[in-house]
Amino acid sequence: MSKPRYHESVPAINVEEFRKVVMSRRSVRRFDDTPIPDAVLQDCLDMALLAPNSSNLQPWEFHVVKTPAVKEALAHACLGQNAAKTAQELVVAVARLETWQEHCDMMLENWPEETIPKVVQSYYGRLAKIYYNQGPMNILGVGKRVLSKVTGFSRPVPRGPFTHADMKVWAAKTVALATENFMLAMRAHGFDTCPMEGFDAHRVHKLLDLPSDAFIVMVIGCGKRAADGVYHARIRFARERFIKTH
Ligand SMILES: Cc1cc2nc3c(=O)[nH]c(=O)nc-3n(C[C@H](O)[C@H](O)[C@H](O)COP(=O)(O)O)c2cc1C
């Protein structure tokens, strides 16, 4: 057996503790006035940033809204939902659709070994820059789509991203994974969350002065659940409906 290039130790894990975190996470619509210690919030954000992400290009941002007037305007933009109005903290999870180029360069700059493997150099230096680039007026995307259709007849090929919409999906997948890390981390610290897509994206974009390539994935209300914070027992349909074996 060949010597592994890299090794890190894996801690022992109690699955029942993890299960408690997963089972007790509920979407909480009403929070009490217990503040969230900043160390807890920062720890949860740090854990969010450890989520798996596409090509490690980390197209995420988390905007923590602290200024009372901005927070109030944000809750208003969340259509006045209780989960936003009563939240101790509001965190806006944003996907960035154009940071990937800089992050390709940063991957090479931050590579953790002295010698960057050729395959890594080639991926971040060349391939990824074609893969995620749709070109002006989507011209490159159209070209890539045609090429993939033709070469796809004879062998497996990537079928996207080829459009701006594909890039949104690409980034949103990664950001959604990070938000789940964040919400589970909050729960593990004894706090609660409510993910929200019920918001006025135009208003939130303006309020946070986001750049044009920013796509708001979710607003997350955070705090300690109030006694009446969970509206009803959890509903999940039968697992047979969703879990398929091939
Ligand atoms: C992408 C997304 C958007 C959501 N938007 C809202 C929302 O705007 N308001 C709200 O009260 N709940 C929202 N929810 C929470 C869901 O309604 C909730 O997760 C679902 O009913 C299951 O309940 P549970 O989270 O307690 O298991 C959202 C959840 C997700 C994942």
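One-based numbering, in listed order, for ligands and for the atoms of each.
- For Gln58, the side chain to side chain contact (heavy atoms under 4.5 Å, CB included) partners two or more places apart in sequence, or in a different chain, are Asn53, Asn56, Trp60, His103.
- A salt bridge links Arg5 and Glu113; the closest N-O separation between the charged side-chain nitrogens and carboxylate oxygens is under 4.0 Å.
- When atom types are taken as modelled, the side chain of Lys85 and the backbone of Glu72 share no donor-acceptor pair closer than 3.5 angstrom.
- Sorted by first then second residue, the ring-ring contact (aromatic ring centres under 6.0 Å, His included) pairs that include residues 153-175, not counting sequence neighbours, are Tyr132-Trp170.
- Classification of Asp228 and Arg30 as a salt-bridged pair holds, one side-chain N sitting under 4.0 Å from a carboxylate O.
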Pairs under 3.5 Å, N/O atoms on ligand 1 and on the protein: can you put them in a table with the distances?
{"from": "ligand 1", "atom 1": "5 (N)", "to": "Pro195", "atom 2": "O", "distance (Å)": "3.3"}
{"from": "ligand 1", "atom 1": "5 (N)", "to": "Glu197", "atom 2": "N", "distance (Å)": "2.9"}
{"from": "ligand 1", "atom 1": "8 (O)", "to": "Gln81", "atom 2": "NE2", "distance (Å)": "3.1"}
{"from": "ligand 1", "atom 1": "8 (O)", "to": "Glu197", "atom 2": "N", "distance (Å)": "3.3"}
{"from": "ligand 1", "atom 1": "8 (O)", "to": "Gly198", "atom 2": "N", "distance (Å)": "2.9"}
{"from": "ligand 1", "atom 1": "9 (N)", "to": "Gln81", "atom 2": "OE1", "distance (Å)": "2.7"}
{"from": "ligand 1", "atom 1": "11 (O)", "to": "Arg29", "atom 2": "NE", "distance (Å)": "2.8"}
{"from": "ligand 1", "atom 1": "11 (O)", "to": "Arg29", "atom 2": "NH2", "distance (Å)": "3.3"}
{"from": "ligand 1", "atom 1": "11 (O)", "to": "Gln81", "atom 2": "OE1", "distance (Å)": "3.4"}
{"from": "ligand 1", "atom 1": "12 (N)", "to": "Arg29", "atom 2": "NH2", "distance (Å)": "3.0"}
{"from": "ligand 1", "atom 1": "14 (N)", "to": "Pro195", "atom 2": "O", "distance (Å)": "3.1"}
{"from": "ligand 1", "atom 1": "17 (O)", "to": "Arg29", "atom 2": "NH2", "distance (Å)": "3.0"}
{"from": "ligand 1", "atom 1": "19 (O)", "to": "Ser27", "atom 2": "OG", "distance (Å)": "3.1"}
{"from": "ligand 1", "atom 1": "25 (O)", "to": "Arg25", "atom 2": "NH1", "distance (Å)": "3.0"}
{"from": "ligand 1", "atom 1": "25 (O)", "to": "Arg25", "atom 2": "NH2", "distance (Å)": "3.1"}
{"from": "ligand 1", "atom 1": "25 (O)", "to": "Ser27", "atom 2": "N", "distance (Å)": "3.4"}
{"from": "ligand 1", "atom 1": "25 (O)", "to": "Ser27", "atom 2": "OG", "distance (Å)": "2.6"}
{"from": "ligand 1", "atom 1": "26 (O)", "to": "Arg26", "atom 2": "NE", "distance (Å)": "2.7"}
{"from": "ligand 1", "atom 1": "26 (O)", "to": "Arg26", "atom 2": "NH2", "distance (Å)": "3.2"}
{"from": "ligand 1", "atom 1": "26 (O)", "to": "Ser27", "atom 2": "N", "distance (Å)": "2.9"}
{"from": "ligand 1", "atom 1": "27 (O)", "to": "Arg25", "atom 2": "NH2", "distance (Å)": "3.1"}
{"from": "ligand 1", "atom 1": "27 (O)", "to": "Arg234", "atom 2": "NH1", "distance (Å)": "3.0"}
{"from": "ligand 1", "atom 1": "27 (O)", "to": "Arg236", "atom 2": "NH2", "distance (Å)": "3.0"}

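- Residues that satisfy the side chain to side chain contact (heavy atoms under 4.5 Å, CB included) test with Val230, not counting sequence neighbours, are Arg26, Val28, Arg225.
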